[in-house]
Amino acid sequence: MRKARKQLNTLALRLVELAIAGVFLGAVGHHVYTLNLKPLAALCLPVLVAMFGFTSLLYMRGRSLSRGRDQMRTLFAAERAMQGAIWYFTGIVAAMALHGLVQLLDIAHDPADPGIESLALVLFLGPYAHMQTGFTLFMRAAWLVAPQFMRTVPTREIWRRVHYVPG
């Protein structure tokens, strides 16, 4: 029963990841194809801020818990979330640099009539892959600590988790 539940949870996570990846790919593809990256920046930068904020909270939570399974799990999730935020950030920086390069080289792209120069837009797949990898790492970090927050915890358990008695 427990193994089936774990497999179901893993399947649910993968489906959520795929759905978000598809929506994100569609948004990125549309904005890159029209070379209108301002709305994309308006979407990506707040997500990055939320990633760093959540990572910070995970580190603080991990350090405040007493030694044990919950602390290790939370600190591992914090490290994964930080890796995800860094990957996401490098994708944003690479996309900005690539967009600057496209403007500097004056690559003429008309969405209504794409030509051979429009193939340069395929280079944006690299930054997209970085951002998607970062988001996936972040989602998996959140999934690591989610079971700790999805059930009711008695007061004694909360006290046990945060109470640290030096040995």
Side-chain angles (χ1 to χ4, degrees), residues 1-32 37-99 123-167:
M1 179 68 178
R2 188 175 180 118
K3 185 176 179 180
R5 176 185 275 171
K6 185 174 181 174
Q7 288 175 339
L8 186 62
N9 285 341
T10 302
L11 177 64
L13 170 67
R14 298 298 187 258
L15 289 175
V16 167
E17 285 176 357
L18 283 173
I20 290 172
V23 168
F24 189 60
L25 177 62
V28 168
H30 168 73
H31 289 292
V32 166
L37 297 184
K38 287 179 185 173
L40 196 57
L43 168 74
C44 294
L45 292 177
V47 170
L48 181 66
V49 170
M51 282 180 169
F52 279 120
F54 184 73
T55 300
S56 175
L57 290 174
L58 281 176
Y59 273 119
M60 288 189 299
R61 181 179 187 271
R63 288 293 168 208
S64 69
L65 291 173
S66 59
R67 286 195 171 103
R69 182 176 178 264
D70 287 341
Q71 182 190 38
M72 289 305 295
R73 192 177 186 104
T74 302
L75 288 174
F76 181 78
E79 189 60 34
R80 280 290 188 191
M82 179 57 80
Q83 289 173 354
I86 297 298
W87 273 88
Y88 196 81
F89 176 70
T90 57
I92 290 173
V93 169
M96 289 182 353
L98 194 55
H99 181 63
L123 295 174
F124 279 95
L125 285 176
Y128 165 76
H130 269 260
M131 293 169 72
Q132 191 60 50
T133 300
F135 196 77
T136 301
L137 285 169
F138 181 78
M139 288 291 293
R140 290 184 182 175
W143 202 263
L144 273 174
V145 294
Q148 297 172 14
F149 299 115
M150 298 299 178
R151 58 177 163 37
T152 312
V153 180
T155 307
R156 284 185 186 266
E157 177 66 15
I158 293 172
W159 177 252
R160 186 196 64 77
R161 286 183 184 177
V162 298
H163 183 69
Y164 174 72
V165 178

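The structure presented is a predicted model; accordingly, all values stated were derived computationally and were not measured. For this chain, numbers begin at 1 and follow the sequence in order.
Scanning all heavy atoms of the two residues, the minimum distance from Ala78 to Leu58 falls at CB-CB, 3.6 Å. For Tyr88 against Met131, the heavy-atom pair with the smallest separation is CD1-O, 3.3 Å. Here the closest non-hydrogen pair linking Ala41 and Pro46 is O-CD, 4.0 Å. Smallest separation of non-hydrogen atoms from Ala21 and Gln132: CB-NE2, 3.4 Å. When all heavy atoms are compared, the tightest approach of Ala141 to Ala77 is CB-O, 3.2 Å. Across every non-hydrogen atom of Ala81 and Thr55, the tightest pair is CB-OG1, 3.2 Å.
Put simply, the side chain of Phe135 does not reach to within 4.5 Å of the side chain of Cys44, judged on heavy atoms. Between Met82 and Leu137 the shortest side-chain heavy-atom distance does not fall below 4.5 Å. Contact annotation: the side chain of Phe124 never approaches that of Val28 to less than 4.5 Å [non-hydrogen atoms, C-beta and beyond].
Interatomic distance, CG of Asp70 versus CG of Leu75, reported as 11.0 Å (0.5 Å rounding). For the atom pair Leu13 CG and Thr136 OG1, the distance stands at 9.0 Å (nearest 0.5 Å). Going from atom NZ of Lys38 over to atom NE2 of His31 covers 13.0 Å, rounded to the nearest 0.5 Å. Note that CH2 of Trp87 and CD1 of Ile92 are 14.5 Å apart. Values are rounded to the nearest 0.5 Å. The distance from atom CG of Leu48 to atom CD1 of Ile86, rounded to the nearest 0.5 Å, is 8.5 Å. Going from atom CE of Met139 over to atom CZ of Arg80 covers 15.0 Å, rounded to the nearest 0.5 Å.
With sequence neighbours left out, Glu79 forms a side-chain contact (heavy atoms from CB on, under 4.5 Å) with Tyr59, Gln83. Trp143 is linked by a ring-ring contact (aromatic ring centres under 6.0 Å, His included) to nothing, counting only residues two or more places apart in sequence or in another chain.
Each side chain to side chain donor-acceptor pair (under 3.5 Å) pair with one or both residues in residues 7-19, not counting sequence neighbours, appears once here: Glu17-Arg140.
Under the 30°/60° scheme for interplanar angles, the aromatic rings of Phe138 and Phe54 are found to stand perpendicular.
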